Amino acid sequence: MTSFECQPGGVVNGSIRVPGDKSISHRSIILSSIAQGSSHITGFLQGEDSLNTLRAFQAMGVSIERDEDNILVHGVGLHGLQKPEDALDMGNSGTAMRLLLGLLAGQSFDTTLCGDESLSKRPMNRVILPLQEMNAAIDSQPGGMAPLRVHARSNLKAIDYRMPIASAQVKSCLLLAALYADGETTIEEPAPSRDHTERMLRSFGCEVISNGSEIKIRGGQTLYSTGMDIPGDISSAAFFLVAASIATNSQVTLRHVGINPTRTGVIQILNLMGADISLLNQREIGGEPVADILVRSSKLKGIQIPEALVPLAIDEFPVLFIAAACASGETILTGAEELRVKESDRIEVMADGLKTLGIEVEPKPDGIIIQGGSINGGVVESHGDHRVAMALSVASLRATGVISIRDSANVNTSFPGFVELARQSGLNLSSHA
Ligand code: S3P
C-alpha cells in the first residue's frame, strides 16, 4: 500500500503548471468520439480517471492516438460506436461512470459498466431514475450501485427533468442521453453546477440553450470535430492555493489554470478567509476562461461558508478544511451533504484525519465545524481518496511533526506527478510503496 511521508514545515515558492482539468478531459474524449471528423486535444489529463474514459471509447471502436497529453480522436459520429467485448471498467471515476451511462443508454448494443470498490458503493440512482424516465433500460445492484448493465435502446424519449441536487454529473449524463432522444429535453438545476458539458457541446456545433436555471437540448444533433486546449485543473491548483496561503513567506504562480465561474468557489472561499490571491493574464481558450493565479502567504480567518458556493467548490473541501484548521477561529460548513458520497465520505474521513492531527472538529450530517489550531504529526488514513491524501499532505506545512498518509496511490487518478511538483515547490514529502 502506498503511503506519503511528509516532513513538517516548508516554504512554498515558484511558478508551476498543474495537469489538465479532469472534468474537461473526460468530456473531450466523449464528445470528440461521437463527433464527425478528427479532433486534436492538448493538455489532456494523463490520470487514471480520464485514461479510463479514453480506454472505454477505444473499446467501443474509436481510434484514439496519444502522445502524452496530445490526443487525436477520430470521431465515429453519433451512431458509430460499437459494442465493446468486455465490461467497461471506470476504475475510481464517478464522472466517467455517470456520463457514460447517459451516452450508453441510447446505443443499439448492451454494455456493462463496472468500477473499483469505492465506485461500486457510490449512488447511481440519481442518474438511473431520470434515464429510466427517458425509457432507458438499466439493471443495477441493490440500492442502485454498480456494476450496471445497460440494455440496447433505439427509442429514448425527451423529458423535462427538475434535478433534486446540483450535480454536473447528473446534468451531463442527461445531456448526453438527450442527444439520442426524440424531441427536446429540458433540465432544470436547483443551483448552478459546472457547465463544461454545455460549453463543449456548443464548441462542437451543437445547440444548447441555457436560460437561467434551465438547459434545453434537441436530440439527433450532429457534432463536428474541433480542437481543444485543456487548461490546468483548478481542483489540482487548489492544493497549492492553500499551501502557499498557509506556509510562511510563500508565493506561487499557477500558470494556465481554468477559472470557469462554475469552478472558482475555492478562490471565493479563500478570499473570504483573507487569502491573498490575484488572477493575472485572464483570457479565454476554447470557450473556457483561463488565468495565471498568484497566491501569497496570508493570515486566514475562520468563516461561515456561504451555501451558494458549495457546488462551485465541491471537490476542494478536503484542502479547504486544511485552510480552516490553519485559520484563526471557527469555520462552519453547511449544505454540503454531497461530500459524503464522493470517492470517500469526505466529511468523516477528513474529520478523522484532522482529529488525529490534534484539530478540534465536529462533523455534521451536511457539513463540519472546524476550530483553527495547531497541527501535530501523526498517521492518517486517506481511505484511497486522492483529494484527501493531497489535502493532508498540505497540512504538513504547518505541522509540528511528521505526517504519514496511508493508502495514497489513487492520487494518480487526478494528479499524476503530484509528489514531484509538490517537492519542487517546497513541500517535503515522499511516496513509499
Ligand atoms: C464532476 C462533477 C462533480 C465533481 C466531480 C466531477 C464533473 O460531481 O465532484 O469530481 O466532471 O461533472 P457532482 O456533479 O456529482 O457534484
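In this chain, numbering begins with 1 at the start of the sequence shown. When a ligand or atom number is given, it counts from 1 through the structure's own listing order. Remember, predicted model here, so these are calculated numbers, not experimental data.
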Show me which atoms of ligand 1 lie under 4.0 Å from any heavy atom of [X].
X    : result
I314 : 9 (O)
D315 : 4 (C), 5 (C), 9 (O), 10 (O)
S167 : 13 (P), 14 (O), 15 (O)
A168 : 12 (O), 14 (O)
T95  : 1 (C), 5 (C), 6 (C), 7 (C), 11 (O)

Could you tell me whether the side chains of [X] and [Y] share a donor-acceptor contact shorter than 3.5 Å?
X    : Y    : result
S15  : R255 : yes
S167 : R98  : no
S50  : H26  : no
D139 : H151 : yes
D276 : S298 : no

(request) Measure the distances from the heavy atoms of H196 to every atom of ligand 1 and state whether one is below 4.0 angstrom. (result)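 Contact absent.
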(request) Mark the output for R27 as yes if a heavy-atom distance to ligand 1 is under 4.0 Å, and as no if none is. (result)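 True for this residue.
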(request) Between R98, R126, R122, Q169, flag the one that comes closest to atom 5 (C) of ligand 1 by a heavy atom. (result)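 The residue whose heavy atom sits nearest atom 5 (C) of ligand 1 is Q169.
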(message) I'd like to check K83 versus T111 (side-chain heavy atoms, cut-off strictly below 4.5 Å). Are they in contact?
(response)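 Heavy-atom side-chain distance check fails, nothing below 4.5 Å.
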(request) Ignoring angles and geometry beyond distance, decide whether E338 reaches within less than 3.5 Å of ligand 1 through its nitrogen or oxygen atoms. (result)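 For ligand 1, there is no N or O atom that lies under 3.5 Å from one belonging to E338.
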(request) Identify the residue among V252, N281, I259, L280 that makes a side-chain contact (heavy atoms from CB on, under 4.5 Å) with I293. (result)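 For I293, the side-chain contact (heavy atoms from CB on, under 4.5 Å) check succeeds only for I259.
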(request) For atom 11 (O) of ligand 1, find the nearest protein heavy atom and state the residue, atom name and distance (0.1 Å precision). (result)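 Answer for atom 11 (O) of ligand 1: S23 OG, 2.7 Å.
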(request) Starting from atom 8 (O) of ligand 1, locate the nearest protein heavy atom and write down its residue, its atom name and how far away it is, to 0.1 Å. (result)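 Of the protein heavy atoms, K342 NZ, 3.1 Å lies nearest.
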(request) Considering only NZ, NE, NH1 and NH2 on the basic side and carboxylate oxygens on the acidic side, decide whether R283 and D292 come within less than 4.0 Å. (result)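 A salt bridge links R283 with D292.
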